[in-house]
Amino acid sequence: MNKEEALKLVEAKLHQKRYTHTIGVMETAIHLAKKYGVDEKKAELAAVFHDYAKCMPVDEMERIMVEQNMERDLFHYNKELWHAPVGAYLVEKEVGITDSSILQAIKYHTSGHEEMTMLDKVIYVADYIEPGRNFPGVEEARALAEESLDKAMVYALKHTISFLLERNQAIYPLTFQTYNRFIQQKVEDMK
Ligand code: DGI
Ligand code: FE
Ligand code: FE
């Protein structure tokens, strides 16, 4: 599938603001893929479709999660987490993408997971730093992404968890597990 076809499919599914965000993630993901030697075509497709389910009604997402027997834990945490696994499912079913590395990058783009591939990290980080993001600290995250994907991952995970803590929100266990894995692995690099 070429970029134009992919963007057309996704544009029909998203509100204007979310579509603009998607373009930003796509451009950032291509840049990071080039920089870190990741397959650019896969990064492009994963980025284009990463928020495919973001604008779906919650009850429809829930229906799919029940029907597809998705991780029980998901139901007990922020609904914001749901669009990632539901999106991966729909991108395979409706769009016909079968490449498991692309589907995995979509599925885990919100929480991360413990064994992230370079493609998974490219999508996670691109989503966090795309040009439309403007939260305090985004410039530092962008600078870290030019230095090391793992450093950018640690920064993003740390700040996401702190952000959720400040708002008295529960932290999805997989987000913590991802953070723990990176911090244990990268403890030397961070010094
Ligand atoms: O879909 P985007 O807005 O582009 O970005 P995203 O897929 O990274 O989703 C971010 C949202 O998900 C944000 O509102 C915070 C929430 N979130 C991310 N990790 C966790 C989480 N919410 C909870 N409760 N627990 C998490 O671990
Ligand atoms: Fe998302
Ligand atoms: Fe996103």
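All residue numbers refer to positions in the sequence shown, counting from 1. As a basis for the values below, the full set of heavy atoms in this structure was taken, side chains included, without hydrogen atoms, waters or symmetry mates. Whatever order the structure lists them in is the order used to number ligands and atoms, beginning at 1.
Residue Thr110 holds the heavy atom nearest to atom 10 (C) of ligand 1 of all those in Leu174, Asn78, Thr110, Asp127. When the options Glu130, Lys54, His21 are ranked by their closest heavy atom to atom 1 (O) of ligand 1, first place goes to Lys54. Of the candidates Gln169, Arg18, His76, Arg18 brings a heavy atom nearest to atom 4 (O) of ligand 1.
Ser101 and Asp99 form a side-chain donor-acceptor contact under 3.5 Å, judged by distance and modelled atom types alone. Using modelled atom types and a 3.5 Å distance limit, the side chains of His109 and His83 yield a donor-acceptor pair. Side-chain atoms of Gln169 and Tyr77 include no donor-acceptor pair closer than 3.5 Å. Residues His31 and Glu146 have side chains that bring a donor and an acceptor to within less than 3.5 angstrom of each other.
Remark: Lys8 does not engage Glu11 in a salt bridge, criterion side-chain N to carboxylate O under 4.0 Å. Using a cutoff of 4.0 Å between basic side-chain nitrogens and carboxylate oxygens, Lys79 and Glu62 are not scored as salt-bridged.
For residue His109, no N/O/S atom approaches the Fe ion (ligand 3) to within less than 2.8 Å.
Checking only distances, Arg133 does come within under 3.5 Å of ligand 1, N or O to N or O.
For Phe182 and Tyr155, the ring centers are positioned 6.0 Å apart or more.
From the protein, the heavy atom lying nearest to atom 20 (C) of ligand 1 is Leu164 CD1, 3.4 Å. The protein heavy-atom contact nearest to atom 23 (C) of ligand 1 is Ala170 O, 3.4 Å. Scanning the protein heavy atoms around atom 27 (O) of ligand 1, the nearest turns out to be Thr175 OG1, 2.6 Å. In this structure, the protein non-hydrogen atom closest to atom 16 (C) of ligand 1 is Glu80 CB, 3.9 Å.
Looking at Tyr172 against ligand 1, both its backbone and its side chain come within 4.0 Å, counting heavy atoms. At a heavy-atom cutoff of 4.0 Å, ligand 1 is contacted by no atom of Val25, backbone or side chain.
Near Asp51, meaning under 4.0 Å from one of its heavy atoms, ligand 1 places the atoms 1 (O), 2 (P), 4 (O). Near His109, with a cut-off below 4.0 Å to any heavy atom, the atoms of ligand 1 are 7 (O).
Within the 4.0 Å heavy-atom shell around ligand 1 one does not find Ala84. Using a non-hydrogen distance threshold of 4.0 Å, Arg167 does not register as a contact of ligand 1.
Minimum interatomic distance between Ala84 and Thr110 (heavy atoms only, all atoms of both residues): CB-OG1, 3.6 Å.
Results of the side chain to side chain donor-acceptor pair (under 3.5 Å) test with Lys54 over Glu80, His15, His21 single out Glu80 as the only residue that passes.
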Give the C-alpha distance, both sets of side-chain angles, the deciding distance and a yes or no for ring pair (Phe, Tyr, Trp, His ring centres under 6.0 Å) between Tyr89 and Tyr52.
CA-CA 10 Å; Tyr89 167 74; Tyr52 186 77; over 10 Å; no
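Rounded to 10°, the angle formed at the Fe ion (ligand 3) by NE2 of His21 and OD2 of Asp51 is 90°. Our summary of the site lists the angle at the Fe ion (ligand 3) between NE2 of His50 and OD1 of Asp127 as 90°, to the nearest 10 degrees.
Taking a distance limit of 4.0 Å, we find that atom 13 (C) of ligand 1 is approached by no protein heavy atom.
Under the 6.0 Å distance and 45° angle rule, Arg72 counts as a cation-pi partner of Phe75.
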